[in-house]
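Since the structure comes first, as structure tokens, the remarks are kept for the end.
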Amino acid sequence: MSVGVLAHLFGKMSYQELASKVGSKGFSHVQLALWKAFDNYDFSKPGLLSPGLAEDIREEFGKHNVSISVLACYLHFFHEDVDVRRENIERFKELIRHARFFGAPMVAAEVGKMNTKELTGDEWLILKTALEELVEEAEKWGVYIGIEPANDHLIGTAASLKRMLDEVPSPHIGVVLDP
């Protein structure tokens with residue numbers, strides 16, 4: 001059996017340091033959220049990632065016998081601010097396009113936390129539309145999207161997850177369960 005870990009649980013540091021720490025603890029897989037794990041590169045906006053950097057990161061983890069099994073992000077796909085939502089979608093699409101350079105077959109996300117104000121009722125359709133766009137990108141690049149249901153998120157229960165999977169059917173969308 002092989003065991004993986006959320007890379008950012010080790011703290012935020014350079015990818016070289018992180019790869020070494022993860023490998024030294026005997027983990028063979030990571031779920032890597034770039035902007036939560038690394039402090040030596042800025043991944044806060046789309047357009048800051050390159051194939052060469054992604055390959056360097058994969059190679060560094062490989063030196064320590066660690067594979068990047070999942071690229072992860074914590075982005076809000078139904079954010080009420082259209083500009084923020086669009087940027088989040090573009091950041092996720094960038095991960096999809098670069099996943100192969102990391103050696104990661106999957107890009108996973110929690111879809112967004114519901115805020116405390118009243119929901120308008122449009123959130124589900126906005127999220128569904130965003131996921132349809134992301135699935136189209138994933139299908140183009142041969143990558144899988146993993147949706148992780150999370151407490152207090154729009155997709156936070158088995159029922160809401162099933163509903164979205166039924167409404168956005170694709171062999172390129174699946175589920176990440178965090179016990």
Side-chain angles (χ1 to χ4, degrees), residues 1-12 22 25-37 43 46 66-82 84-100 102-179:
M1 176 172 75
S2 61
V3 178
V5 66
L6 297 171
H8 62 272
L9 293 179
F10 286 86
K12 197 169 188 175
V22 171
K25 298 297 182 187
F27 293 104
S28 54
H29 300 275
V30 290
Q31 178 172 311
L32 180 62
L34 301 176
W35 42 88
K36 290 185 82 166
F43 296 109
V66 178
S67 102
I68 302 169
S69 301
V70 179
L71 285 178
C73 60
Y74 301 86
L75 296 171
H76 197 299
F77 296 132
F78 62 96
H79 198 283
E80 60 274 358
D81 182 320
V82 176
V84 171
R85 181 171 66 237
R86 187 77 244 150
E87 183 175 282
N88 288 344
I89 291 167
E90 292 306 318
R91 287 173 78 189
F92 195 86
K93 287 168 83 172
E94 182 172 60
L95 291 176
I96 289 170
R97 289 189 301 273
H98 288 82
R100 66 184 167 149
F102 285 100
M106 178 182 290
V107 181
E110 296 172 352
V111 298
K113 209 170 207 179
M114 295 184 288
N115 58 28
T116 55
K117 71 177 192 174
E118 263 322 289
L119 296 178
T120 66
D122 295 330
E123 292 82 6
W124 189 264
L125 180 58
I126 291 167
L127 175 58
K128 178 183 171 191
T129 302
L131 287 176
E132 287 170 338
E133 180 180 342
L134 294 172
V135 165
E136 184 179 321
E137 190 79 5
E139 289 171 348
K140 233 189 302 186
W141 291 92
V143 173
Y144 297 94
I145 292 176
I147 301 298
E148 182 178 344
N151 193 35
D152 295 329
H153 285 239
L154 194 55
I155 296 180
T157 64
S160 61
L161 176 63
K162 181 181 181 337
R163 178 181 169 200
M164 188 58 76
L165 292 174
D166 288 345
E167 291 183 22
V168 185
S170 170
H172 285 267
I173 191 168
V175 177
V176 174
L177 293 177
D178 182 353

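The residues of the chain are indexed from 1 along the displayed sequence. The model shown is predicted, which means the values in this text are computed figures rather than measured ones.
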Partners of Glu139 by salt bridge (Lys or Arg N to Asp or Glu O under 4.0 Å), sequence neighbours excluded? none
Set of ring-ring contact (aromatic ring centres under 6.0 Å, His included) partners for Phe92, sequence neighbours left out: Phe77
Heavy atoms only: give me the nearest Pro149-Val175 pair and the separation to one decimal. CD-CG1, 4.5 Å
Could you tell me which residues satisfy ring-ring contact (aromatic ring centres under 6.0 Å, His included) with His8, sequence neighbours excluded, listed by chain and number? Tyr74
What residues, two or more places apart in sequence or in another chain, satisfy side chain to side chain contact (heavy atoms under 4.5 Å, CB included) together with Leu9? Val5, Leu6
For Arg91, salt bridge (Lys or Arg N to Asp or Glu O under 4.0 Å) partners two or more places apart: none
List the residues meeting side-chain hydrogen bond (donor to acceptor under 3.5 Å, both in side chains) with Thr157, not counting sequence neighbours, and say none if there are none. Ser160
Please tell me if the side chains of Leu127 and Ile155 come closer than 4.5 Å, counting only heavy atoms from C-beta onward. yes
Name all residues meeting the side chain to side chain contact (heavy atoms under 4.5 Å, CB included) criterion together with Val70; count only those two or more places apart in sequence or in a different chain, and write none if there are none. Gln31, Met106, Ala108
I need the Ile96 CD1 to Ile145 CD1 distance, nearest 0.5 Å. 4.5 Å
Indicate the atoms forming the closest heavy-atom contact of Leu165 with Gly174, along with that distance. CD2-O, 4.5 Å
Partner set under salt bridge (Lys or Arg N to Asp or Glu O under 4.0 Å) for Glu94, not counting sequence neighbours: none
Could you check whether any side-chain heavy atom of Leu75 comes within less than 4.5 Å of a side-chain heavy atom of Trp35, counting everything from C-beta outward? yes
Check salt bridge (Lys or Arg N to Asp or Glu O under 4.0 Å) between Glu90 and all other residues, then give those that pass, not counting sequence neighbours. Arg86, Lys93
Going through the distances and angles, do Glu132 and Val135 end up as a side chain to side chain contact (heavy atoms under 4.5 Å, CB included)? CA-CA 5 Å; Glu132 287 170 338; Val135 165; 5.8 Å; no
So do the side chains of Val143 and Arg100 get within less than 4.5 Å of each other, counting heavy atoms only? no
Check side chain to side chain contact (heavy atoms under 4.5 Å, CB included) between His76 and all other residues, then give those that pass, not counting sequence neighbours. Phe78, His79, Asn88
Applying ring-ring contact (aromatic ring centres under 6.0 Å, His included) as the test, list every pair that has at least one member in residues 132-156; sequence neighbours left out. Tyr144-His172
Taking side chain as C-beta onward, heavy atoms only, is Met164 less than 4.5 Å from Ile147? no
Rounded at 0.5 Å granularity, tell me how far CG in Leu131 sits from CD1 in Ile126. 12.0 Å
Taken to the nearest 0.5 Å, the spacing of Leu95 CG from Leu32 CG works out to 9.0 Å
Does any part of the side chain of Val66, heavy atoms only, come nearer than 4.5 Å to the side chain of Phe27, both counted from C-beta? no
By the salt bridge (Lys or Arg N to Asp or Glu O under 4.0 Å) test, which pairs, at least two apart or in different chains, include something from residues 153-163? Lys162-Asp166, Arg163-Glu167
So which atom in Pro105 and which in Ser69 form the shortest heavy-atom distance, rounded to 0.1 Å? CD-O, 3.3 Å
